[in-house]
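As structure tokens, the structure follows; a few thoughts come after it.
Side-chain atoms are counted along with the backbone in the values below, which use heavy atoms only and exclude waters and symmetry mates.
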Amino acid sequence: MSTLNDDIADDDTFVAKATNPARRSAEIATITKHRKIRYWFLIVVTVVFIIFGADSMNWRQTLPFLICLGWVNYLMIVSDLRLLRIIDRIQKDDKPVA
């Protein structure tokens with residue numbers, strides 16, 4: 001179970017990564033890689049579920065719920081990636097041109 005202190009620690013970690021340009025670039029690369037892997041995994045699982053149908057599986061009630069949770073988690077990853085890219089773009093634009 002996630003507690004408020006865990007959420008605050010996660011937020012502090014994210015802020016530390018977002019404010020440090022080197023860590024931010026590394027985090028963007030890592031999140032991009034994880035996003036691609038998770039996306040294709042979710043596509044395969046969703047398609048398999050649609051093709052074989054919910055009736056032929058013992059998990060017919062649990063699997064759609066797990067698939068939905070996976071997609072929600074994927075969207076959270078995409079959101080973090082967009083935020084880091086926006087911060088990166090803003091900080092690059094703020095640097096004075098010599």
Is there a side-chain contact between Tyr39 and Val78 (heavy atoms, below 4.5 Å)? no
dist Arg38:CZ -> Ile77:CD1 (nearest 0.5 Å) comes out at 4.0 Å
For residues Val15 and Thr19, determine if any side-chain heavy atom of one lies less than 4.5 Å from a side-chain heavy atom of the other. yes
Quick one: CG on Asn73 to SG on Cys68, what's the gap to the nearest 0.5 Å? 12.5 Å
Interatomic distance, OH@Tyr74 vs CD1@Ile37, rounded to 0.5 Å, equals 12.0 Å
Hey, could you give me the CG/CG distance between Leu42 and Leu69, rounded to the nearest 0.5 Å? 10.5 Å
Would Val47 end up clustered with Phe41 when hydrophobic side chains under 4.5 Å apart are linked, directly or stepwise? yes
Membership question, hydrophobic clusters at under 4.5 Å side-chain separation (ILVMFWY): are Trp40 and Leu75 in the same one? yes
Identify each donor-acceptor pair in which a side-chain atom of residues 27-36 lies under 3.5 Å from a protein atom, sequence neighbours left out, and give them as a table.
{"from": "Glu27", "atom 1": "OE1", "to": "Lys17", "atom 2": "NZ", "distance (Å)": "3.4"}
{"from": "Thr30", "atom 1": "OG1", "to": "Ala26", "atom 2": "O", "distance (Å)": "2.9"}
{"from": "Thr32", "atom 1": "OG1", "to": "Ile28", "atom 2": "O", "distance (Å)": "2.7"}
{"from": "Thr32", "atom 1": "OG1", "to": "Arg85", "atom 2": "NH2", "distance (Å)": "3.4"}

Any link between Met76 and Leu84 through a network of hydrophobic side chains (Ile, Leu, Val, Met, Phe, Trp, Tyr) touching at under 4.5 Å? no
